[in-house]
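Since the model is a prediction, treat every value here as computed from it, not as a measurement. What's counted below: heavy atoms across the whole structure, side chains too, no hydrogens, waters or symmetry copies.
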Amino acid sequence: MPAHAAEQQFNRPIEVVLSGVVEGYIRPGYAALADAANALQTATVRYCANPSDTTRGAVDESFQRTVQSVGAVAFLDFGPAGVNRRLERLKTPVPASASGDSKADPEPITGQDGSQSGPEDVGALAQESPQIQGLPAFERLLVAAPAEPGSERFVESCRFAGLVAANVKAISTALDSEWAKAGGYGDWLATPAADNPAYRQADAALAEILGTFVRGARVAEDRLASALVEDTDTVTVAGPFDRQTLVLLYLQAEIRGLSQFFQATDLADATDSPASDDAVRVSAAMVSAGEAIASIDLKDGDDLSDKDIEAIARAKAGLEAARLAANDLVVRLKIEAAPVDGQPQ
């Protein structure tokens, strides 16, 4: 493949597109995650020290905000995200309750009920299974079935959840710092060069961005498909959390994030036809998917209605159309995007 083969179809330097993604989406996304994780740790400490309706509400609000912030970057699975499996550790699910009943109170994590001691500090927690390190573990510890304040379980749940919140903050802060720092990964992606440790050519960096979008759309598609399986007693969307309301909150943020991530490339304006036509198709399909999934307003304890299932089907169709159009764009630009190998989390 000739060097810079894609540039022939651009009306501006590819580096302008790359910088737009880094500055317009990736860096702000990780900064928002770090801010939300910091607020979650603060709210957790205050609630556990002084449980009340007010401090409890602050935990719930900051937790939902952090879930949305993780969803918004969940597909950015390259660069600093892969170091020590950072991004994966934020969203690895806790095993489901043995009963399999999605409406039953989830089983406590080992150490939460006082039967065994949990990790002693954040350093020890970071060496444990990812299943007890991230937001799904926090949900199980303090959100899904909160213990009565003052009880032994409350004390241990608070101690354990405090460690998880601190771990989430540490991971989120590290991700934000590595993308934000001068001369770091954000600059590598935005300014390919012969001496660049990660991207020597602009084509390679553009392939990273488009491959990330394609993988992310496919993962979200597969998650939605789990709710469209026939001959099943319980209709649910696959996701990392116990409660369907949180799964949908996470997924809505993920799909909205994918759409904004692609918009940040400005490929519809930065390329000439027919590549620009492909980019317009991607954007339009993502808008359709986003509108469909955003129309679902599920309350705790509710089942997905027929109307919700129809919205899920529309969202899945939009994601599929966007993914296929993005694949066409990759072919049109004569670049080789990374293979689709993501798995739902």
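For S305, the side-chain hydrogen bond (donor to acceptor under 3.5 Å, both in side chains) criterion is met by D308, not counting sequence neighbours. Looking at residues two or more places apart in sequence or on another chain, you find a salt bridge (charged side-chain N to carboxylate O under 4.0 Å, His left out) between E221 and R323. Judged as a ring-ring contact (aromatic ring centres under 6.0 Å, His included), and not counting sequence neighbours, the contacts of F63 are F138. With sequence neighbours excluded, no residue forms a salt bridge (charged side-chain N to carboxylate O under 4.0 Å, His left out) with D53. The salt bridge (charged side-chain N to carboxylate O under 4.0 Å, His left out) search around D300 returns R243, not counting sequence neighbours. Under the rule for a side-chain hydrogen bond (donor to acceptor under 3.5 Å, both in side chains), the partners of E178 that lie at least two apart in sequence or sit in another chain are R86. Scanning for side-chain hydrogen bond (donor to acceptor under 3.5 Å, both in side chains) contacts around R256 gives an empty result, with sequence neighbours left out. Every residue two or more places apart in sequence or in another chain was checked for a salt bridge (charged side-chain N to carboxylate O under 4.0 Å, His left out) with D269, and none qualifies.
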Self-check item: salt bridge (charged side-chain N to carboxylate O under 4.0 Å, His left out) assessment of D203 paired with K334
Solution: CA-CA 9 Å; D203 289 17; K334 298 181 174 64; over 6 Å; no
Practice problem: Any chance you could lay out the salt bridge (charged side-chain N to carboxylate O under 4.0 Å, His left out) test for R159 and E156, step after step, and finish with the verdict? | Solution: CA-CA 5 Å; R159 188 192 71 80; E156 184 56 24; 2.9 Å; yes
Exercise. Before giving the answer on side-chain hydrogen bond (donor to acceptor under 3.5 Å, both in side chains), spell out for T66 and S69 the whole-Å C-alpha distance, their side-chain angles and the decisive distance to 0.1 Å.
Key: CA-CA 5 Å; T66 311; S69 297; 5.9 Å; no
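Applying the salt bridge (Lys or Arg N to Asp or Glu O under 4.0 Å) test to residues at least two apart or on different chains, the pairs with a partner in residues 17-39 are E23-R27, R27-D187, D35-R65. Counting only residues at least two apart or in different chains, ring pair (Phe, Tyr, Trp, His ring centres under 6.0 Å) contacts with residues 281-306 are absent.
With values rounded to the nearest 0.5 angstrom, L135 atom CG is found 9.5 Å from E139 atom CD. Within the model, atoms OH of Y25 and CZ of F261 stand 8.5 Å from one another, a figure rounded to the nearest 0.5 Å. Annotation: the span from S172 atom OG to L33 atom CG amounts to 3.5 Å, rounded to 0.5 Å. Taking CD1 of I293 as the start and CG of L251 as the end, the distance is 4.5 Å to the nearest 0.5 Å. For the atom pair CG (L206) and OH (Y199), the distance works out to 11.0 Å, reported to the nearest 0.5 Å. Separating the CG atom in L249 from the CD atom in Q68 is a distance of 4.0 Å, to the nearest 0.5 Å.
For the pair S177 (side chain) and A174 (backbone), a donor-acceptor distance under 3.5 Å is absent. S19 contributes no side-chain N or O that, together with a main-chain N or O of V16, makes up a donor-acceptor pair within less than 3.5 Å. Judged purely by atom type and a 3.5 angstrom limit, Q244 has no side-chain atom pairing as donor or acceptor with the backbone of T236. In terms of modelled atom types and a separation under 3.5 Å, the side chain of E88 and the main chain of P130 share no donor-acceptor contact. A donor-acceptor distance shorter than 3.5 angstrom exists from the side chain of S52 to the backbone of T55, with no hydrogens or angles considered. Between the N196 side chain and the T191 main chain, a donor and an acceptor come within less than 3.5 Å of each other.
E320 has no carboxylate O lying under 4.0 Å from a charged side-chain N of R218, or vice versa, which leaves the two without a salt bridge.
Checked against a 6.0 Å centroid threshold, the rings of W188 and F78 do not count as neighbours.
You'll find the side chain of V59 stays beyond 4.5 Å of the side chain of R46, heavy atoms only. Put simply, the side chain of L304 reaches to within 4.5 Å of the side chain of V237, judged on heavy atoms. Inter-residue side-chain proximity for F241 and V67 is flagged as met; some heavy-atom pair is nearer than 4.5 Å. At a threshold of 4.5 Å between non-hydrogen side-chain atoms, the residues R56 and L142 count as touching.
Using bins of under 30°, 30° to 60° and over 60° for the plane-to-plane angle, the ring pair F154/Y47 lands in the perpendicular bin.
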Donor-acceptor contacts, no H, no angles, side chain residues 281-290, under 3.5 Å, sequence neighbours left out:
unit_1: R281; atom_1: NH1; unit_2: D278; atom_2: OD1; d: 2.9
unit_1: R281; atom_1: NH1; unit_2: D328; atom_2: OD2; d: 3.4
unit_1: R281; atom_1: NH2; unit_2: D328; atom_2: OD2; d: 3.2
unit_1: S283; atom_1: OG; unit_2: Q263; atom_2: NE2; d: 2.8
unit_1: S283; atom_1: OG; unit_2: A279; atom_2: O; d: 3.3

When the side chains of residues 163-170 are checked against the rest of the protein, which donor-acceptor pairs come out under 3.5 Å, sequence neighbours left out?
unit_1: N167; atom_1: ND2; unit_2: Q133; atom_2: O; d: 3.1
unit_1: N167; atom_1: ND2; unit_2: Q133; atom_2: OE1; d: 3.4
unit_1: K169; atom_1: NZ; unit_2: N38; atom_2: OD1; d: 3.0
unit_1: K169; atom_1: NZ; unit_2: Q41; atom_2: OE1; d: 3.2

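A pairwise comparison of heavy atoms in V280 and A268 identifies CG2-CB, 3.9 Å as the closest pair.
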